[in-house]
Amino acid sequence: MPKLKRLLWSGFLFFVVALVAVYGADFTWRQVLVGGLAMLIFHYADKQFGAAFTNNRPFTRYQFAISVTNLGGALQAAGLYADELPAMPSIYEGMSGKGGMVFTWLEPELFFINTTNQFESHLDFFIDVPADGSRKSERPLELSDTLEMRMTAEAYELVLLTREQRYCWPQTTRGSGVVLFRLPYTFWKEMQGDPYEAGKHDKVKAILSGAGLTYWADSEVSSAWEYKNEYGTFRWWDV
């Protein structure tokens, strides 16, 4: 039914209701108008009250996986092992997750870091990188090189920090390190909402492309939501 026709029909029915109230129930026109206005205000207030406590679309939970497959390249970019080749298999073996980081987005401000078995209100965790060769320290309890997921003004960043950069007290490590993955906050915002929205994947793709991540798919998994850069891959699935 066209919109104009619906408006005319509803107006006619409201008029019929008013006639019945006035001539059938002996209401005055003033009582009908005031009562009708009160009902409209009550209906609007009830709708707003319900909207305040009702999420129109439930939160979509996702599980993410970052695989740092080129940690050697990151170590070299950080200026480490310049004159030697580190034993990457043993380094990967000594890391939590062996170069892979899995985390689950449970609520707007609640993450479960599967790799380290911890809950965080924001995506914030550390993965120590074992030393090899000349990087091995003879002093006990020395800080190690590490992978840190941290917050910046515009994005979450996974960075490689050397132990020398970590010895920065009273300053902080913000702005230091080799950035391996950058995940803008606009990406997280776009992940929620209608999953069937037209062009949604294109928006996500544009955001991650601007952060240096390239969409990747192969013939076997043509719809894989997986991205890659020079240091590894980033992918997710809903849970």
Side-chain angles (χ1 to χ4, degrees), residues 64-103 111 113-118 120-188 204-216 226-236:
F64 300 85
I66 293 177
S67 297
V68 182
T69 57
N70 185 22
L71 181 59
L75 292 170
Q76 291 180 341
L80 306 180
Y81 304 101
D83 300 324
E84 59 183 319
L85 294 176
M88 293 309 303
S90 63
I91 291 179
Y92 277 119
E93 187 64 29
M95 295 173 59
S96 296
K98 297 178 175 55
M101 283 143 279
V102 179
F103 47 91
F111 291 88
I113 315 303
N114 303 65
T115 302
T116 56
N117 195 32
Q118 65 191 78
E120 297 289 347
S121 58
H122 297 93
L123 199 54
D124 188 3
F125 60 85
F126 295 87
I127 302 290
D128 286 338
V129 179
D132 182 65
S134 62
R135 292 294 292 173
K136 289 185 178 180
S137 175
E138 297 180 356
R139 294 181 296 175
L141 303 179
E142 186 172 36
L143 292 177
S144 65
D145 305 322
T146 189
L147 295 177
E148 177 190 12
M149 181 68 82
R150 67 189 182 193
M151 297 180 68
T152 69
E154 298 178 349
Y156 284 115
E157 289 182 348
L158 180 68
V159 299
L160 171 65
L161 292 171
T162 67
R163 64 170 174 240
E164 291 82 4
Q165 290 169 328
R166 297 180 68 191
Y167 284 112
C168 60
W169 188 88
Q171 288 80 23
T172 71
T173 58
R174 300 303 180 189
S176 301
V178 177
V179 179
L180 308 187
F181 290 87
R182 186 172 181 273
L183 307 174
Y185 298 135
T186 50
F187 159 75
W188 304 91
V204 171
K205 186 176 179 180
I207 293 171
L208 294 181
S209 177
L213 288 161
T214 302
Y215 176 69
W216 175 88
E226 184 164 348
Y227 289 74
K228 64 180 179 179
N229 63 14
E230 61 179 309
Y231 296 115
T233 62
F234 171 62
R235 61 191 177 93
W236 67 88

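We're numbering straight along the sequence, starting at 1.
For the atom pair CD1 (I113) and CZ (F64), the distance works out to 11.0 Å, reported to the nearest 0.5 Å. With rounding to the nearest 0.5 angstrom, the CG atom of L160 is 11.5 Å from the CD atom of Q76. Note that CZ of F126 is 13.0 Å distant from OG of S96, once rounded to the nearest 0.5 Å.
Taking 4.0 Å as the cut-off between side-chain N and carboxylate O, R135 and E164 count as a salt-bridged pair.
Here the closest non-hydrogen pair linking G133 and E84 is CA-OE1, 3.9 Å. Among all heavy-atom pairs drawn from M151 and Y156, the shortest one is CG-CE2, 3.3 Å. Heavy-atom minimum distance, T152 versus Y185: O-OH, 2.7 Å. When every heavy atom of P184 is checked against every heavy atom of R182, the shortest pair comes out as CD-O, 3.4 Å. Minimum interatomic distance between I207 and T186 (heavy atoms only, all atoms of both residues): CG2-OG1, 3.5 Å. Of all heavy-atom pairs spanning L213 and L183, the tightest one is CD1-CD2, 4.0 Å.
E157 is not listed as a side-chain neighbour of M149, based on a closest heavy-atom distance of 4.5 Å or more. In this structure, the side chains of L123 and W188 come closer than 4.5 Å at one or more pairs of heavy atoms. Using a 4.5 Å heavy-atom threshold, the side chains of L161 and S176 count as touching. Residues E120 and F103 have side chains not in contact (no heavy-atom distance under 4.5 Å, counting atoms from C-beta outward). V68 places none of its side-chain heavy atoms less than 4.5 Å from the side chain of I127. Between D132 and Y81 there is a side-chain heavy-atom pair separated by less than 4.5 Å. Looking at K228 and T69, their side chains never come closer than 4.5 Å, going by heavy atoms from C-beta outward.
The closest donor-acceptor contact from the side chain of N114 to the backbone of N117 lies at 3.5 Å or more, if one exists at all. Of the possible polar contacts, one joining the N70 side chain to the E230 backbone as a donor-acceptor pair under 3.5 Å is found. In this structure, D124 contributes its side chain and R150 its backbone to no donor-acceptor pair below 3.5 Å.
Of the candidates V179, V178, L158, I66, Y231 forms a side chain to side chain contact (heavy atoms under 4.5 Å, CB included) with just one, namely V178.
Ring centers of F234 and Y227: at least 6.0 Å apart, outside the cut-off.
Here M88 pairs with L71, L75, P86, I91, Y92 under the side-chain contact (heavy atoms from CB on, under 4.5 Å) rule; sequence neighbours left out. In this view, T116 and Q118 satisfy the side chain to side chain donor-acceptor pair (under 3.5 Å) rule, not counting sequence neighbours.
The number of heavy atoms from other shown groups lying within 6.0 Å of CD (E142) is above 12.
W236 and F187 have perpendicular rings, their planes meeting at more than 60° on a 0 to 90° scale where under 30° would count as parallel.
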